[in-house]
Amino acid sequence: MTPTLKTKTSVLPSGGGQELFDTSDIVFLLLDHQSGLFQCVADVPVADLRRNVEMLAKLATLLKIPVITTASEPNGPNGPLMPEIHQYAPHAQYVGRKGEVNAWDNADFVEAVRATGRKTLIMAGVWTSVCVMFPALDAKAAGYDVYAIMDASGDPSEMASRTTLARFTQAGVIPTSTNAVLCEAHRTWARPEAAELAKLYMMTAPHYAAVMESYLRAVEVGTKSDG
């Protein structure tokens, strides 16, 4: 079943946003971020990967973005899901699978995605070359717009990551980064969540914390001088 196409509500009169995702039409699919699989990740530092996933959970809560999580067999050697996802995105829906490696092979998972009514799927998971790539390709074939967050995902080797990236682009799956997703959802500082969004940038780009500290100190000094 092909999802019903929707007109982007995020395109400005200037034309800005035409090629960006519409935040009101996205859903985060966080796939198999399991403790056992983390131990096999070699293409990205696991601490960075986990911090990026945590940021996505916080962003989803702040901007009311649906989140669906899943694991093929959390009681097996792949281990449980990282707890930060449901801790920081308590609205996230967990869909258990019956051992299927590809989440799109599970009818309950596909139905959960369809039930959101959204057609833009932003995926991350471990491993990128399997747990993200398989459902990403199937979802793209089903008519969804699909993004793959490369640094909120992980693979056993650089080679696996590079070949996965090539296959994504061949299939029309859009590779992206955690910071790019944050910026694309953000769009403007002229919004009520701006201060909270700024805190999230410190997670995806830790050196940005120094920028914020310097700015706040400058404002503080300037305020005292004016007084």
Side-chain angles (χ1 to χ4, degrees), residues 21 23 26-71 74 78-94 103 121-133 135-136 146-158 160-162 164-165 168 174-187 189 193-216:
F21 60 64
T23 307
I26 65 174
V27 53
F28 289 158
L29 305 183
L30 302 181
L31 313 166
D32 303 296
H33 286 98
Q34 297 170 257
S35 60
L37 293 177
F38 282 143
Q39 297 175 52
C40 303
V41 170
D43 65 322
V44 60
V46 172
D48 293 349
L49 191 165
R50 293 186 70 135
R51 185 178 62 250
N52 288 336
V53 174
E54 179 182 328
M55 193 290 295
L56 292 170
K58 291 181 175 180
L59 178 64
T61 296
L62 182 62
L63 300 186
K64 299 179 174 57
I65 299 167
V67 179
I68 300 174
T69 66
T70 186
N78 288 354
L81 288 175
M82 57 179 284
E84 295 93 330
I85 299 175
H86 286 266
Q87 177 184 349
Y88 294 112
H91 66 291
Q93 177 185 0
Y94 174 75
L121 312 183
I122 300 183
M123 300 187 182
V126 182
W127 296 330
T128 322
S129 56
V130 179
C131 303
V132 181
M133 185 169 67
V146 183
Y147 291 70
I149 311 177
M150 301 304 292
D151 59 354
S153 306
D155 251 332
S157 69
E158 290 283 352
S161 184
R162 289 197 298 270
T164 300
L165 184 61
F168 279 154
I174 302 169
T176 188
S177 67
T178 310
N179 193 62
V181 170
L182 172 57
C183 293
E184 205 162 332
H186 179 181
R187 291 290 296 278
W189 288 105
E193 310 93 346
E196 294 304 311
L197 286 164
K199 295 177 184 177
L200 298 184
Y201 282 106
M202 298 180 197
M203 299 182 68
T204 61
H207 294 301
Y208 190 70
V211 175
M212 290 297 297
E213 289 165 2
S214 299
Y215 168 74
L216 293 173

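Sequential numbering from 1 along the given sequence is applied to the chain's residues. Below, all heavy atoms of this structure are taken into account, side chains as well, without hydrogens, waters or symmetry copies.
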With sequence neighbours left out, write down each residue that passes side-chain contact (heavy atoms from CB on, under 4.5 Å) with A180, or none if nothing qualifies.
-> T176, S177
Does the N52 side chain pair with the main chain of T178, one donor and one acceptor, at a distance under 3.5 Å?
-> no
Can you list every pair that meets side chain to side chain donor-acceptor pair (under 3.5 Å) and has a residue in residues 195-204, with sequence neighbours left out?
-> N179-T204, H186-Y201, E196-K199
Could you pull out all residues at least two apart from A198 that satisfy side-chain contact (heavy atoms from CB on, under 4.5 Å)?
-> W189, M212
Here the gap from L49 atom CG to D151 atom CG, rounded to the nearest 0.5 Å, amounts to 8.0 Å
OG1 of T23 to CD1 of I122, rounded to nearest 0.5 Å, is 8.0 Å
So CG of L56 and NZ of K58: to nearest 0.5 Å the spacing works out to 11.5 Å
Distance-only, no hydrogens or angles: does the S153 side chain make a donor-acceptor pair with backbone N or O of V126 under 3.5 Å?
-> no
Among I85, L121, L59, find the one that has a side-chain contact (heavy atoms from CB on, under 4.5 Å) with F28.
-> L59
From I26 atom CD1 to L63 atom CG, the distance as rounded to the nearest 0.5 Å | 8.0 Å
Applied to residues 79-90, the side chain to side chain donor-acceptor pair (under 3.5 Å) test, sequence neighbours excluded, yields R50-E84, T69-H86
Sequence neighbours excluded, the answer for side chain to side chain donor-acceptor pair (under 3.5 Å) partners of D32 is R97
Reported CG-to-OG1 distance for the pair L81 and T70, which is rounded to 0.5 angstrom | 8.0 Å
Could you tell me how the ring of Y147 sits relative to the ring of F21: parallel (under 30°), tilted (30 to 60°) or perpendicular (over 60°)?
-> perpendicular
Just how far is it from atom CE of M150 to atom OG1 of T128, taken to the nearest 0.5 Å?
-> 5.5 Å
For residues 40-49, which residue pairs qualify under side chain to side chain donor-acceptor pair (under 3.5 Å), counting only residues two or more places apart or in two chains?
-> D43-S161, D48-R51
